[in-house]
Participant: 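My questions all concern the structure below.
Not measured: the values here are computed from a predicted model. Chain A is the first sequence line, chain B the second, and so forth, proteins listed ahead of strands; every chain is numbered from 1.
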Protein chains: 2
Amino acid sequence: MPATIRDVAARARVSVATASRALSGRRRVSDENLRRVIGAAAELSYRPNLVASSLRRQVTNTIGLVIPQISNPFFPTLVESIEWQLQSTTRQLLLCDSRGDPEVEQLRLQALVDRQVDGIMISPCDALRSADAVHTTARQVPLVQIDRRITGDATDWIGVDDEVGMRLVVEHVALAGARTAVFVGSVPTNSSALLRLEAFASESSGFGLKTSEPLLGDFTAAWGIEAARVLLAGRHLPDAVVCGNDLIAIGLLRQFLLAGVRVPDDVLVTGYDDITSAELSAPSLTTVRQPHDAIAFEALRLLTERFDRPDGPYQRISMTPELVVRESTTHIDLLPPNADAFSRASRQ
Amino acid sequence: MPATIRDVAARARVSVATASRALSGRRRVSDENLRRVIGAAAELSYRPNLVASSLRRQVTNTIGLVIPQISNPFFPTLVESIEWQLQSTTRQLLLCDSRGDPEVEQLRLQALVDRQVDGIMISPCDALRSADAVHTTARQVPLVQIDRRITGDATDWIGVDDEVGMRLVVEHVALAGARTAVFVGSVPTNSSALLRLEAFASESSGFGLKTSEPLLGDFTAAWGIEAARVLLAGRHLPDAVVCGNDLIAIGLLRQFLLAGVRVPDDVLVTGYDDITSAELSAPSLTTVRQPHDAIAFEALRLLTERFDRPDGPYQRISMTPELVVRESTTHIDLLPPNADAFSRASRQ
DNA sequence: TGGTTTATGGTAACCGTTTGCCACGATCCG
DNA sequence: CGGATCGTGGCAAACGGTTACCATAAACCA
């Protein structure tokens, strides 16, 4: 049986109160008693029971994180940043994957509240159908939305400014000479999908790009492949294909390559998120980088602020994303020397 | 203030014991009282405080998961499976990322024990340097190693049989006509790295492949790129490059493509794990598939068994992995028709 | 009919910490 | 020197459920 604080107190010949104070440092104890308690704790390999502590202090040092799908490569890097942020505050992460299902999401939120988590970070899977659960939860525990968000403005949010991101992309392909462009994205059930779709529409008209009907599926490479087939079946390709995220773009690139369509020579392709494999695709992918570390940092800051001021005004923080230009929108002669062989090969 | 069970009991005009029994179902109560308690709980929107329950019952319904790096794409799919398994048992997942550092790992294990998790799943980051912490932890709480494991045999383990996996790979490239092969893997500080390296050595001699000194770095695409440069700088390429995981292989493919080396015509390349992007690389990657779902299922089963029999004999379960043959080891003329354009392009 | 078993309700201890409150002695101050 | 202040220690009440144990009444049995 592990030692309890009573055992420590007994061995140190002090009361449990003194032992508790000595160990937690929440009130001074005499040097003599401090020494004895520390010593006793060490001798017994005492480890405080965090569940008991949580119950009494009404603080669990636990944060819940709800994301739509951990296997979407955008999220692992985000999770990594968040987890790292948290551990520096001795908090731990309860991870929930909603599988893109608002009902699962709701259950998970409830479970987190029941567990008395100190705060919740969520990337809601559906802009509308997640709304009720998010609101209900936010009323019970500090909550910050990350990246995706529900429509309406009733909670803190941290993410990137998709409008700016899309403007960077559209401006870039316009400057690269594109006159026509098509958007391949996800059906706008979540905020990322919606905002990027809308931003593409407004920005492309702003930069004088002709667009055709966007192709909307989901945020997967499989949909990118599918979309490429649709585009290839059409009369002629647009100058640029702007994708709603990197997975779609990568699927698309893959299918274009198989079909002999040359990127960027025949068509420019862009992604969004800058997941790890964006750099590794062939050709490498021009995309918009989301600053995970900064997002994680700010998310925790927002949450912490809300601990202190539960009823303070809601904040929305949009970070400015960064355009990462790679081969999928760059003329081959701009590539570094060791790319020569590649360019020859892929140009045939 | 949320309602407590006392509030429910008062409203239902029964004792807290009866309320508790009615709600938990751990002992029968009369129909009348059951009805009243359920009603009162509903009226008050009562939700039991799980922390209090955990303290009393000495069960937290929480499982800790420690992995080396969530941004290594092998792990998210595994985490997804595990999380899904757990939620069906109303348990939740505390996720810890050791960042490949045994000292961080040790701290995380301790933190999980302090939190009184019911069990721990871990993929230890270092075969040797993780050993002490894993052993110490396993003595305190049910623990199962997943995928990677420490040397020695003192805990349950579930993973794939790397020897079989590597045999499938080596056999496959040998049958595809390779006479020489080189292994590009990770410095064998963790068990996966070690077992695959050893298995490659023994299997390739078994199948009569000539091998040269393995190239060892880490399990990243960056190392794959680096390794490709090393290989390209050498006199001539081997017939096959067998990689320790998919990330390495993808980096390697990328660099080969840039350098004009044709895969599979000039050299065969294989990966290991079958991460999502293995299918999307160009060319798509022949690799060894790990059955995440089955691993997650068995991991939970092992843990559950150990709850019941804390001192039962240790089990090691090796699942047989599956070879997934794709373009990186397949002659072009075996590709489907729509790949024609691609093959022309990439062959120059 | 008396004794035993069964069903169900309540009381209060318990899980392991933390902390409000009081006590007591030492120090300080006018 | 008496009273206020400060520093430190301990008692015991929380935190919110769960459950061992006992009580009571009904059912059952010989």
Side-chain angles (χ1 to χ4, degrees), chain A residues 1-41 44-62 90 111 113-118 140-141, chain B residues 1-38 40-41 44-62 90 111-118 140-141:
Chain A
M1 263 320 79
T4 73
I5 200 168
R6 276 166 228 283
D7 301 325
V8 174
R11 181 166 249 264
R13 307 190 160 282
V14 297
S15 70
V16 288
T18 301
S20 175
R21 287 169 184 143
L23 292 167
S24 71
R26 311 180 90 80
R27 223 187 76 177
R28 249 198 75 79
V29 296
S30 66
D31 291 352
E32 167 64 10
N33 279 343
L34 181 61
R35 214 181 39 69
R36 303 229 312 254
V37 171
I38 301 287
L44 296 172
S45 306
Y46 168 73
R47 300 252 92 207
N49 181 322
L50 262 27
V51 174
S53 176
S54 294
L55 176 59
R56 175 63 229 233
R57 302 195 37 224
Q58 304 284 63
V59 167
T60 56
N61 278 307
T62 295
T90 69
V113 172
D114 289 349
R115 266 175 204 283
Q116 320 283 120
V117 294
D118 296 338
Q140 303 176 69
V141 57
Chain B
M1 265 320 79
T4 73
I5 201 168
R6 278 167 228 282
D7 301 326
V8 174
R11 183 166 247 264
R13 307 188 161 283
V14 297
S15 70
V16 288
T18 301
S20 175
R21 288 169 184 144
L23 293 167
S24 72
R26 311 182 90 78
R27 223 186 75 179
R28 248 198 75 80
V29 297
S30 66
D31 292 351
E32 168 65 8
N33 279 344
L34 180 62
R35 214 181 40 68
R36 303 225 318 248
V37 171
I38 302 287
L44 297 172
S45 305
Y46 169 73
R47 301 251 90 206
N49 182 322
L50 260 29
V51 174
S53 174
S54 295
L55 176 60
R56 176 61 228 238
R57 303 194 36 225
Q58 305 284 64
V59 168
T60 56
N61 278 306
T62 296
T90 71
L112 290 172
V113 172
D114 289 349
R115 266 176 203 283
Q116 321 282 121
V117 294
D118 296 339
Q140 302 176 70
V141 57

Participant: Roughly what angle, to 10°, lies between the helix axis at the start of the helix from C:dT1-D:dA30 to C:dG30-D:dC1 and the one at its end, five pairs per end?
Facilitator: 40°
Participant: Any pair with a residue in residues 45-62 of chain B that passes salt bridge (Lys or Arg N to Asp or Glu O under 4.0 Å), sequence neighbours left out, goes on the list, sorted by first then second residue, please.
Facilitator: A:Asp114-B:Arg47
Participant: Which residues satisfy the side-chain contact (heavy atoms from CB on, under 4.5 Å) test with A:Thr60, sequence neighbours excluded?
Facilitator: A:Ser54, A:Thr62, A:Gln116, A:Asp118, B:Val51
Participant: How would you list, by chain and number, every residue that makes a side-chain hydrogen bond (donor to acceptor under 3.5 Å, both in side chains) with B:Thr18, sequence neighbours excluded?
Facilitator: B:Ser15
Participant: Could you pull out all residues at least two apart from A:Gln140 that satisfy side-chain contact (heavy atoms from CB on, under 4.5 Å)?
Facilitator: A:Val113, A:Thr136
Participant: Of all residues at least two apart in sequence or in a different chain, which pass the salt bridge (charged side-chain N to carboxylate O under 4.0 Å, His left out) check with B:Arg6?
Facilitator: none
Participant: Donor-acceptor pairs under 3.5 Å, side chain of residues 22-31 of chain B to any protein atom, not counting sequence neighbours: which ones?
Facilitator:
unit_1  : atom_1 : unit_2  : atom_2 : d
B:Ser24 : OG     : B:Ser20 : O      : 3.0
B:Ser24 : OG     : B:Arg26 : N      : 3.2
B:Ser30 : OG     : B:Asn33 : N      : 3.3

Participant: Name the nucleic acid region contacted by B:Thr4, choosing base, sugar-phosphate or nothing; use a 4.0 angstrom heavy-atom cut-off, strictly under.
Facilitator: sugar-phosphate
Participant: With sequence neighbours left out, write down each residue that passes side-chain contact (heavy atoms from CB on, under 4.5 Å) with B:Ala12, or none if nothing qualifies.
Facilitator: B:Val14, B:Arg36, B:Val37, B:Ala40
Participant: Of all the heavy-atom pairs spanning B:Tyr46 and B:Thr4, show the shortest one and how long it is.
Facilitator: CE1-C, 3.4 Å
Participant: What are the 5'-most and 3'-most nucleotides of DNA chain D lying under 4.0 Å from any heavy atom of chain B?
Facilitator: D:dG16 to D:dC21
Participant: Within the 4.0 Å limit for protein heavy atoms, which parts of nucleotides 8-15 of chain C are touched? Write it as a string from 5' to 3', B for base, S for sugar-phosphate only, - for none.
Facilitator: BBBB-BBB
Participant: Quick one: CG on B:Leu44 to CD1 on B:Ile5, what's the gap to the nearest 0.5 Å?
Facilitator: 11.5 Å
